[in-house]
Amino acid sequence: MPDPQQVLTARVRDALAAAFGADYASADPLVRPSAFADFQSNAALPLARKLGRAPHDIANEIVSHLDVEDICVPPAVSGPGFVNFALRDEWIAAAVTGLLDDPRLGTPLAGAPQVVVVEYSSPNIAKEMHVGHLRTTIVGDAIARVTEFAGHHVMRDNHVGDWGTQFGMLIEYLFDVGEDSAEAQLLRTDPNTFYQGARARFDSDPDFADRSRDRVVKLQSRNDPATQLLWDELMELSRQYLRDTYALLRVTLTDDDIRGESFYNDMLGDVAGDLTDEGLAVLSDGALCVFPPGFTGRDGSPLPVIIRKRDGGYNYSTTDLATVRYRVDKINCDRAIYVVGSEQALHFRMIFAVARLAGWIPGSTSFEHAQIGMVQGPDGGRLRTREGGTVTLSSLLAEGIERARAILNEIETLEGEVRDAIAEDVGIGAIKYADLSTARDSAYIFDWDRMISFRGNTGPYLQYATTRIRSIFRKAGIDEAGAHGPVLVTAPAERELALALLGFGAVVTGVAETAEPHRLCGYVFEVASLFTAFYEQCPVLRAEDEATRTSRLALCAATLRVLTAGLGLLGVPIPDRM
RNA sequence: GCGCUCGUAGCUCAACGGAUAGAGCAUUUGACUACGGAUCAAAAGGUUGGGGGUUCGAGUCCCUCCGAGCGCGCCA
């Protein structure tokens with residue numbers, strides 16, 4: 001347990017119990033990084049009222065009961081009652097040396113592992129993904145990776161849209177144009193154009209629209225082989241497209257993670273039936289609705305969750321409720337994280353409310369909507385192409401790679417094939433890191449120049465930091481895995497870097513709890529910044545003596561491992577050279 | 001109209017109720033035969049949209065006003 005924040009938290013808790021009784025051991029010792037020391041405890045201040053004593057006295061009392069001799073120099077009380085901790089250099093050095101032999105880099109395995117469903121990406125199939133899918137895919141994947149690494153059992157769930165009215169339309173259109181037609185070939189090359197063709201006919205030809213609706217019924221009843229065959233073909237084409245896209249994006253989703261809306265089709269009747277039996281669902285304007293308390297619409301009237309439409313069809317609310325039940329009853333999840341756009345916040349609040357009303361979510365189970373903010377264009381509006389159209393994900397990724405290549409071409413003389421691979425890593429890494437590094441629920445402005453810059457808090461800067469470290473080991477002719485220290489902490493830059501490295505586990509654990517990958521981005525950037533400062537101030541290969549050289553090589557190795565682990569958990573690719 | 005989210009440095013963004021609100025970019029200055037300068041060091045830049053309140057302590061919690069984005073019955 002090399003994380004000083006956790007160690008100190010435990011020690012202050014002991015001191016609280018010793019000073020004021022066991023009742024106080026449960027209080028949060030409020031140990032935080034400090035600008036005035038390495039860490040501070042704010043525990044004394046909130047206790048002042050409770051104990052009826054001056055906070056400064058309480059702080060002194062805590063200090064007198066503290067046993068931190070092995071970790072810190074004697075703690076000092078300052079300000080209104082803060083207890084400041086300055087770690088001993090030897091303790092930091094020993095802890096970092098220990099980090100080198102810890103495959104988990106100080107990250108504790110979850111004491112009570114949970115089954116966690118992470119729903120993310122979730123595109124509509126038979127359509128190309130657009131920029132709106134970028135964040136849910138990238139952020140969701142990072143959340144899944146981090147949660148998994150923290151020791152939980154993660155079930156990735158790609159809740160694709162494969163079952164709505166539009167599939168009747170697409171299949172009917174495919175029948176009309178002919179499966180072997182040039183038009184049908186568009187499904188392989190340009191599915192959006194095929195979709196638009198179908199849509200245009202749907203809107204202009206009432207007969208076609210009627211046939212499309214019939215086709216949906218045939219599809220959902222699953223008893224028309226010809227319909228089923230075409231749907232299967234559409235699905236296979238989509239799986240192919242998704243495999244390619246996720247591979248390029250370095251996203252861990254596979255075919256096995258696809259559990260689309262169609263999967264829940266046979267459970268929808270039970271959802272409607274059980275809600276009716278429980279007396280929760282009532283008919284309103286011919287539709288079967290649940291009115292969860294506390295939700296009102298435009299004119300102040302109660303807002304419904306529509307379970308069954310007037311025409312007898314089910315919609316996405318029904319599917320989402322079936323999904324909740326499946327996850328609780330069949331997957332036995334302890335936690336479900338929905339990585340979906342923030343515009344659907346109301347929808348999910350209502351779905352979760354209905355599911356709780358129906359008793360489908362046990363009190364101990366957490367259902368969360370991890371809201372994803374919009375990706376905006378330079379003007380703050382929706383991101384669009386120059387022509388005003390929707391930006392497809394593939395064109396966005398291609399441009400990122402192209403921009404990375406252009407920059408690499410200017411500076412480096414790498415072989416063509418190697419350069420292509422590096423350009424891909426850098427371009428994809430830049431986009432992903434920019435996307436991950438802002439709080440997931442706030443909108444951000446998409447800016448090529450900022451994200452692909454090799455300076456500042458960007459993917460390429462972090463990738464570059466790792467290549468510099470690798471370069472040191474290449475130059476030294478040793479393998480970074482062979483650097484075991486011991487680490488000595490003397491120079492200020494060494495101390496700051498070492499201290500930061502010890503915080504890896506706490507950050508990972510925190511991100512797993514909050515599903516906020518941007519905090520991990522902030523952390524790796526801080527480590528990279530401290531490393532470059534160290535790199536400037538502390539010669540490694542030309543260190544003054546052998547012990548210092550060994551120590552600094554070990555610090556480099558620890559930094560490299562923390563950075564690669566952190567970027568790996570974020571899903572940001574790391575080229576060996578660039 | 002109602003609800004949700006938000007408003008922080010010129011720009012893009014951080015900040016688990018804790019001391020003097022931090023980074024990056026841009027700007028200005030300094031350091032180059034360098035373990036990869038795709039770098040580092042430093043300066044300057046703020047009444048945290050306005051106003052009240054709670055608290056020992058508020059960018060953070062509550063109220064109110066202003067402004068923005070999103071959402072609000074049979075699309076998903």
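By convention in this document, chain letters (A, B, ...) are assigned in the order of the sequence lines, proteins followed by strands, and residues within each chain are numbered from 1. Values in this document were obtained by computation on a predicted structure and should not be read as measured data.
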Closest-nucleotide 5' rank along RNA chain B - winner of G297(A) and Y316(A): G297(A)
Neighbours of RNA chain B within residues 430-444 of chain A, by heavy-atom distance under 4.0 Å: T438(A), A439(A), S442(A), A443(A), Y444(A)
Check: Y523(A)/R519(A) side-chain N/O donor and acceptor closer than 3.5 Å: no
Interface with RNA chain B, restricted to residues 455-464 of chain A and to heavy atoms under 4.0 Å: R455(A), G456(A), N457(A), Y461(A), Y464(A)
Residues D38(A), R495(A); criterion salt bridge (Lys or Arg N to Asp or Glu O under 4.0 Å); working and verdict: CA-CA 11 Å; D38(A) 293 326; R495(A) 191 180 191 282; 2.8 Å; yes
Nucleic acid contacts - residues 502-520 of chain A versus RNA chain B, non-hydrogen atoms under 4.0 Å: H518(A)
D447(A) CG to C11(B) C1', straight-line distance once rounded to whole Å: 9 Å
Sugar-phosphate only, base, or nothing, as touched by I472(A) at under 4.0 Å among non-hydrogen atoms: base
Value in whole Å for how far the P atom of C70(B) lies from CD of E343(A): 10 Å
Short side-chain N/O contact to C35(B) OP1/OP2 from R542(A), under 4.0 Å: yes
Sugar-phosphate only, base, or nothing, as touched by N84(A) at under 4.0 Å among non-hydrogen atoms: base
G37(B) OP1/OP2 closer than 4.0 Å to side-chain N/O of R468(A): yes
Secondary-structure notation, RNA chain B, from Watson-Crick and G-U pairs under 3.5 angstrom (| other strand): (((((((..((((....[...)))).(((((.......))))).....(((((..]....))))))))))))....
Sugar-phosphate, base or nothing in reach of P304(A), heavy atoms under 4.0 Å: base
Salt bridge (charged side-chain N to carboxylate O under 4.0 Å, His left out) pairs, two or more places apart, involving residues 530-544 of chain A: E544(A)-R552(A)
Contacting residues from residues 43-53 of chain A, given that a heavy atom lies under 4.0 angstrom of RNA chain B: L45(A), P46(A), R49(A)
